[in-house]
Protein chains: 2
Amino acid sequence: MATGRTHRPATRSRGIPEATVARLPLYLRALTALSERSVPTVSSEELAAAAGVNSAKLRKDFSYLGSYGTRGVGYDVEYLVYQISRELGLTQDWPVVIVGIGNLGAALANYGGFASRGFRVAALIDADPAMAGKPVAGIPVQHTDDLEKIIDDNGVSIGVIATPAGAAQQVCDRLVAAGVTSILNFAPTVLSVPDGVDVRKVDLSIELQILAFHEQRKAGEEAAGESAAVPLAPKESGKGPDGDVPAVMPA
Amino acid sequence: MATGRTHRPATRSRGIPEATVARLPLYLRALTALSERSVPTVSSEELAAAAGVNSAKLRKDFSYLGSYGTRGVGYDVEYLVYQISRELGLTQDWPVVIVGIGNLGAALANYGGFASRGFRVAALIDADPAMAGKPVAGIPVQHTDDLEKIIDDNGVSIGVIATPAGAAQQVCDRLVAAGVTSILNFAPTVLSVPDGVDVRKVDLSIELQILAFHEQRKAGEEAAGESAAVPLAPKESGKGPDGDVPAVMPA
DNA sequence: ATGTCTTTGTGAACGCGTGCACAAAGATGG
DNA sequence: CCATCTTTGTGCACGCGTTCACAAAGACAT
C-alpha cells in the first residue's frame, strides 16, 4: 500500500468504511471503461473481476451506497458511474495546486489522470525564482511568495506537495494556514497537521522497499539453507548473534 | 493509502505481519535521520513521534524482528538501522528497470530516493524508437525489443511500469516471462499476474479522489442543510430519488 | 547489594475488514 | 399466474491489526 491515511482513526464518514472509499475509484475506473464500450449492465462478478477484487466485497461496498442493483440482472453502468462520482464528490470542480515543480511536480502537472476526474490544476508553485513565469504543462509557474494569494483567489482546498523533504513541512504549514484542508504529499517526510486536515502520502521508495522485502523472502525460500539463512537471535541470547557482519553493536 | 497489495491474502512472511513490513521503511527513514544527527539511542516514544505512529504499535512491530531494545534506555540507532535494513533486504543491490519513459518515467529515473536505498536503475526502456539512445538521468533509453535481454543480462527481478494504461498488461506479461517477480505499477490498470509475482500499485488520481471524498464530507457537514444534503434513497423507493440531476436512469 | 525509576515487550480485548453462504428479489419463459 | 433461474444484498464468523495496560528487565544512584 503506497498509501497511508493520517490522523482520524476510524472516520467512517457517513457509514461508508474507509476501505470501501479507497476502492470506489477503482470501481469507477472499471465502470468508465465499460461505459465507453457502451455496455449497459454488469454483474458484480464481472465488475469485480475488472476491478481486481472479490465479488462479495464489491457487493458489500455498493450496499453502503444504497441498493443500486437489480437482482437477476446486475448493475446499470451509467447509473452506477453517476452514483459513485457523486459519492466521491467528482461531480464538482476541484481546483488543485502543485507545490514544487521539479521532475516529479512537472510530471504531475502533465498527468492526464487529474483533469479527467474533475481535478483542475489551478496553479503551479515553486520556490526557485528562475522558474517563475516559465510554463509547465501550459501553466506558468508562480513563486512561493504568492502562495497564500493563489490559494485564496482560486478557492483551493486540495494541495499537492512535491518539494524536497526539507521544505515540505513549511510548505504544508503555509498551505494549511491559507485554507487548504487536504494534502497529497510526495515528499519523504511525515507531515504534522492540525485536526480537520487530511493528509495522504505517496512514497515511491517505500513501495520499492516493500517489494524488496518480499523479493528477498522468495529468494531465501527457494534456496533455503544457503548463506542468507537469517538465524534470528534466539531471544535469550540477548542481542549478539545475527546473520553476519553486525554493523554496530549497542552498549 | 496510495498503495495496494495484490493477490496473496495474508502472506505473514516469516511471522512478520504485512502491516508491519509496510511500516519498516518509515522507521528506517526516521532512524536514518537520527543517525545523521549522531543520536545514539531513541526511545519508542520519540521514534514513534518521528515516524508518525503510535508508540505501542512501534514496539510491537519491533518485537517481530526480535528483542533489539534495552529497557530503561531505548533502541540503539545504528544497530536498529542495520537490523531493519537487513530485514527489508536493503543490504543487497537491487537492479531495477523502468519501462515507459514519459514524464513520470523520467521523473522516476531522476528520483534520488531509489539509489539511496540500494535500488539501482539498471535500465530505462521505452517503446518509442525516437527515444532509443537518448540519455535520461544519465542513462541511455533502450527499446522495448530488447526487454528480455536487458532483464536477463542485468539479473533484474524488480520492474517499474510507467507506461500508458493500454500498454501496461502487455509490458507486465513480458517482464514476468523474462523473470521479473516484483512489479511496481504506475499505470491506471489492474494487472493480472501469475502466483508468486508481487504487484504494488500507485495511482495518483485515486489518491486525489479519496481526498475529494473527505473534502466533500467536510464541506457538507459544516453547511449541513444546504443544497447538497444528500438524501440517500430510502431503500424501498427503488432507485428514483437522489439528490438532483440524476444523470441517466436505469431501465 | 538494594531500591528506584525508566522503558521495553507482550497478554488480552476490541474493532474493522473480508469472505462464505444463503435467503430474498426480481426477471424471464411457459 | 406460476415456476425457474439468475444475481443481489446481507447475516455471520473468522482473522488481522490496533491499542491499552502492565509486568518484567535493566540502568543508575546510593
Side-chain angles (χ1 to χ4, degrees), chain A residues 1 4-13 15-24 27 40-49 51-77 79-80 83 233 235-239 250-251, chain B residues 1 4-13 15-24 27 40-49 51-77 79-80 83 233 235-239 250-251:
Chain A
M1 171 176 321
R5 72 207 57 150
T6 311
H7 238 245
R8 186 164 306 201
T11 304
R12 270 282 179 138
S13 304
I16 301 186
E18 190 61 29
T20 295
V21 173
R23 279 188 294 267
L24 289 182
Y27 302 144
T41 59
V42 264
S43 68
S44 63
E45 203 69 50
E46 294 168 319
L47 185 54
V53 301
N54 184 297
S55 70
K57 195 187 295 186
L58 177 142
R59 288 198 299 275
K60 183 151 290 192
D61 283 342
F62 286 175
S63 78
Y64 292 115
L65 309 182
S67 285
Y68 293 148
T70 305
R71 298 177 190 227
V73 176
Y75 299 93
D76 183 274
V77 172
Y79 187 64
L80 205 45
Q83 288 299 344
K235 200 63 179 300
E236 30 110 12
S237 70
K239 38 189 73 144
Chain B
M1 188 169 335
R5 74 207 56 152
T6 310
H7 237 245
R8 184 161 310 200
T11 302
R12 269 286 177 136
S13 303
I16 302 185
E18 191 59 31
T20 295
V21 173
R23 279 188 294 268
L24 290 181
Y27 302 143
T41 60
V42 263
S43 68
S44 63
E45 203 69 51
E46 295 169 317
L47 184 55
V53 302
N54 183 298
S55 71
K57 194 187 293 185
L58 177 143
R59 286 199 300 276
K60 181 148 288 195
D61 283 343
F62 285 176
S63 78
Y64 291 116
L65 309 183
S67 283
Y68 293 149
T70 306
R71 298 176 189 228
V73 175
Y75 298 91
D76 183 273
V77 173
Y79 187 64
L80 205 46
Q83 289 299 342
K235 200 64 179 299
E236 30 110 12
S237 69
K239 39 191 68 151

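Throughout, protein chains are lettered first and strands after them, A, B, ... in sequence-line order, and every chain is numbered starting at 1.
Across all their heavy atoms, B:Ser63 and B:Lys60 have their closest contact at OG-O, 2.6 Å. Of all non-hydrogen atoms in B:Tyr64 and B:Gly15, the two that sit nearest each other are CD2-O, 3.7 Å.
Among the nucleotides D:dA21, D:dG9, C:dG17, the one closest to the side chain of A:Pro17 is C:dG17.
Rounded to a whole Å, the OH atom of A:Tyr68 is 18 Å from the C1' atom of C:dA25. As rounded to whole Å, 16 Å separates atom P of D:dG26 from atom CG of B:Asp76. Atom CG in A:Leu24 sits about 15 Å away from atom C1' in C:dG17, given to the nearest Å. D:dA23 atom C1' lies 13 Å from atom CZ of B:Arg59, rounded to whole Å. If you measure from atom CG of A:Leu65 to atom C1' of D:dG9, you get 13 Å, rounded to the nearest angstrom. Between A:Phe62 atom CZ and D:dT8 atom P the separation is 10 Å, expressed in whole Å. In this structure, the CG atom of B:Asp61 is 14 Å from the P atom of C:dT8, given to the nearest Å. Rounded to whole Å, atom P of C:dT18 lies 12 Å from atom CD of A:Glu18.
By the 4.5 Å heavy-atom criterion applied to side chains, B:Thr41 and B:Thr70 are not counted as neighbours. A heavy-atom distance below 4.5 Å is found between the side chains of B:Leu65 and B:Leu24.
Taking the ring centroids of B:Tyr68 and B:Phe62, they lie at or beyond the 6.0 Å cut-off.
Side-chain N/O atoms of A:Asn54 include none lying less than 4.0 angstrom from OP1 or OP2 on C:dG17. One finds a side-chain N or O of A:Lys57 lying less than 4.0 angstrom from the OP1 or OP2 phosphate oxygen of C:dG19. For D:dT18, the OP1/OP2 oxygens have a side-chain nitrogen or oxygen of B:Arg23 closer than 4.0 Å.
Every side-chain hydrogen bond (donor to acceptor under 3.5 Å, both in side chains) that B:Ser44 has, sequence neighbours left out, goes to B:Arg59.
In this model, a side-chain donor or acceptor of A:Lys60 finds a partner on the base of C:dG19 within 3.5 Å.
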Using nucleotides 2-7 of chain D, report all nitrogen or oxygen pairs with the protein that are shorter than 3.5 Å.
{"residue": "D:dT7", "atom": "O4'", "partner": "A:Gly72", "partner atom": "N", "Å": "3.0"}

